[in-house]
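As structure tokens, the structure follows; a few thoughts come after it.
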2 protein chains.
Amino acid sequence: MFVRNTTGRSLCPNSLTDLGITSESNPGVSSSVLIYKKGKAIFSEKESAEYVYQVIRGAARSYKLLSDGRRQIGAFHLAGDIFGLENSGTHRFTTQAVVETTLRLIRRQTLEMVAETDPAVSRNLLRMTTSNLEHAENHMLLLGRKSSSERVAAFLLEMDKRLTATNSMALPMYRRDIADYLGLALETVCRVLSRLHGAGVLDFTAGSHREIVLLDRERLANLDPPD
Amino acid sequence: MFVRNTTGRSLCPNSLTDLGITSESNPGVSSSVLIYKKGKAIFSEKESAEYVYQVIRGAARSYKLLSDGRRQIGAFHLAGDIFGLENSGTHRFTTQAVVETTLRLIRRQTLEMVAETDPAVSRNLLRMTTSNLEHAENHMLLLGRKSSSERVAAFLLEMDKRLTATNSMALPMYRRDIADYLGLALETVCRVLSRLHGAGVLDFTAGSHREIVLLDRERLANLDPPD
DNA sequence: CGGGGGCTTGAGGCCACTCAACGATAGTGG
DNA sequence: CCACTATCGTTGAGTGGCCTCAAGCCCCCG
């Protein structure tokens, strides 16, 4: 099976190379594969972190909840992504499968042991954490200062970059998920998408409204202000 | 500008211990101290990262700008904080001194060299990056899902925890900074503070409205919903 | 004492939210 | 195969929280 890694660099039959682990240098590192049904929890906030996960197929959402049910999704994890990397030993998000999702599990303890002796692995852990940080930093700007159309435009461009197989993208997540990722009401997400559809920026493929074709990436990019 | 270039040892024997560097194990690591005037840029977004900084006195703000001037402050750096740690080699924020601020500068390259050979330093780099990530994750929840009063309450509690010397705290930052940190208009911040003042939750010391006394931390904590 | 920067307060407007109804789609069991 | 249902998505009406614009106040500092 082939998976796409997050940087889109190279396809790798051994997915652990993303962490800098190769079967030659670390023959002892093993992993198992599990399938999670739609909506199934993978781990919960404040739980101790047993495993690190890599998405093989499907998608997952990581979120925080307020006591009254308000939810903020911090990230979506798509095919190739690695998540659950908590150096504190405790998960800071609850993570669920958005749709039926196949994951590879790696024991965290194993990973840490390898990192202790192998500086390359250690560097990769840091690099991945930094990349998560960078995403969060950009998302703070979006959540704090962007309008609803700018948020949706940014979202579509992000997804376009991350899950494009063909020129039509099949969004795995629901409108509610998009809304909770963008800090909007789900009706607002609908309305913006409708407006973009009416303006000829995007199209829905017949049937599923989660399959979207971007017709005018440039106009979309103009909606998402730079700097 | 005022510059002193010294070794870490002679200036402050323990200043680098936050990074896991001690003068015994790494006698060669040197640092210099600079004073930045109010509003002075320390580094800019997309600039290459030459140094890592530690706040000795004062405060700094790290932010991103949109082309039309909208600003999102990602973090404030107070006395003791280390910032500018960019593993990518490029700064992702612009950082300025909020008030007159004294900083210790450490060459990034030196730090990386030490990290390469000393796994303890390497672990500390990861731990600090993780701690930044955790802050950003919590801030996403605030920016995406909290009301204006909840945001201000959370802000006051955060500052109370981070810069309390006495029971009155001297906020170094302006209302505009608070607003841009919380994703609000500066007038909204004012209004919430006024309301809290009227409700007897906090008090302004005579004169400066940036010196605040928290009278009722419990009521403040109730405004910031848990979970 | 005058000027300027920062803070506060008010009036009014708008963007996004809530509430609500309806439509579409997929899954299920008879 | 087709009701039946649950779930997801869309659209409309109306509201409200926060924003914008504007004026005035206070303090610091030259």
Side-chain angles (χ1 to χ4, degrees), chain A residues 37-39 59 61 66 68-72 96 98-100 142-153 155-156 170-199 202-212 223, chain B residues 37-39 59 61 66 68-72 98-100 142-153 155 170-199 202-212 223:
Chain A
K37 289 228 158 58
K38 179 175 94 166
R61 56 178 172 243
L66 294 178
D68 60 2
R70 282 174 287 174
R71 184 178 68 157
Q72 179 63 45
Q96 297 174 330
V98 175
V99 292
E100 180 168 293
L142 179 146
L143 293 171
R145 287 307 181 204
K146 290 189 182 176
S147 72
S148 61
S149 352
E150 289 167 344
R151 295 182 200 206
V152 172
F155 170 76
L156 290 172
L171 297 176
M173 66 290 285
Y174 306 109
R175 296 293 189 257
R176 161 151 301 288
D177 294 324
I178 301 176
D180 287 349
Y181 180 59
L182 299 179
L184 297 170
L186 106 170
E187 296 93 330
T188 303
V189 173
C190 273
R191 275 184 252 271
V192 174
L193 286 175
S194 291
R195 195 153 13 106
L196 292 175
H197 179 230
L202 59 83
D203 204 357
F204 299 104
T205 64
S208 171
H209 276 233
R210 300 230 287 284
E211 184 116 7
I212 288 181
L223 285 179
Chain B
K37 289 226 159 60
K38 179 176 95 167
R61 57 180 171 242
L66 294 178
D68 60 3
R70 282 174 287 175
R71 184 177 70 157
Q72 178 63 44
V98 175
V99 291
E100 179 168 294
L142 179 146
L143 293 171
R145 288 305 181 206
K146 290 188 181 176
S147 72
S148 61
S149 356
E150 290 167 344
R151 294 181 200 207
V152 173
F155 170 76
L171 297 176
M173 66 290 286
Y174 306 110
R175 297 292 189 259
R176 162 151 301 288
D177 294 325
I178 301 176
D180 287 349
Y181 180 59
L182 299 178
L184 296 171
L186 117 178
E187 296 94 330
T188 303
V189 173
C190 274
R191 276 183 252 270
V192 174
L193 287 175
S194 292
R195 196 152 12 103
L196 292 175
H197 179 230
L202 59 83
D203 205 357
F204 299 104
T205 64
S208 171
H209 276 234
R210 301 230 287 284
E211 184 114 6
I212 288 181
L223 285 180

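Side-chain atoms are counted along with the backbone in the values below, which use heavy atoms only and exclude waters and symmetry mates.
- Checking the phosphate oxygens (OP1, OP2) of D:dT11, a side-chain nitrogen or oxygen of A:S194 falls inside 4.0 Å.
- Note on A:G39: nothing from the nucleic acid sits closer than 4.0 angstrom, heavy atoms only.
- Side-chain atoms of A:R191 and base atoms of C:dT18 include a donor and an acceptor less than 3.5 Å apart.
- Here the side chain of B:R61 pairs no donor or acceptor atom with the backbone of B:D177 at under 3.5 angstrom.
- Nearest-nucleotide assignment on DNA chain C puts the 5′-proximal partner with B:C190, out of B:C190 and B:R145.
- Remark: P of D:dG9 and CG of A:L193 are 10 Å apart, rounded to the nearest angstrom.
- Nearest to the side chain of A:H209, among C:dT18, D:dT10, D:dT20, sits D:dT10.
- Two residues, A:L184 and A:S208, neighbour DNA chain C, and the one matched to the more 5' nucleotide by heavy-atom proximity is A:L184.
- B:L186 places its CG atom 15 Å from the P atom of C:dG5, with the value rounded to the nearest Å.
- Taking atom NZ of residue A:K146 and atom P of nucleotide C:dC15, one finds them 19 Å apart after rounding to whole Å.
- Distances shown here put a side-chain N or O of B:R175 below 4.0 Å from the OP1 or OP2 atom of C:dT8.
- When rounded to the nearest whole Å, the span between CG of B:L171 and C1' of C:dG6 equals 14 Å.
- Among the nucleotides C:dA16, D:dC18, C:dG10, the one closest to the side chain of B:E187 is C:dG10.
- Atom pair B:R195:CZ and D:dC18:P shows a separation of 8 Å (rounding to whole Å applied).
- Looking at every heavy atom in both residues, A:S147 comes nearest to A:E150 through N-OE1, 2.8 Å.
- In this entry the distance linking CG of A:L143 with P of D:dC18 reads 16 Å, nearest Å.
- Applying the 4.0 Å criterion to OP1 and OP2 of D:dC18, one finds that B:T188 has every side-chain N and O outside that range.
- Straight-line distance from the NZ atom of B:K38 to the P atom of D:dC28: 13 Å, rounded to whole Å.
- For A:F204, whose side chain is taken as the heavy atoms from C-beta onward, the closest listed nucleotide among D:dT10, C:dC17, D:dC19 is D:dT10.
- Side-chain atoms of A:Q72 do not come within 3.5 Å of backbone N or O of B:L142 as any donor-acceptor pair.
- One interatomic measurement links the two molecules: CZ of B:R70 to P of D:dC19, which rounds to 13 Å at whole-angstrom precision.
- Ring geometry for A:Y181 versus A:F155: interplanar angle over 60°, hence perpendicular rather than tilted (30 to 60°).
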Legend entry - Residues A:D68, B:R145; criterion salt bridge (Lys or Arg N to Asp or Glu O under 4.0 Å); working and verdict: CA-CA 11 Å; A:D68 60 2; B:R145 288 305 181 206; over 6 Å; no
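- Between B:R210 and C:dC7, a side-chain N or O to OP1/OP2 separation shorter than 4.0 Å is present.
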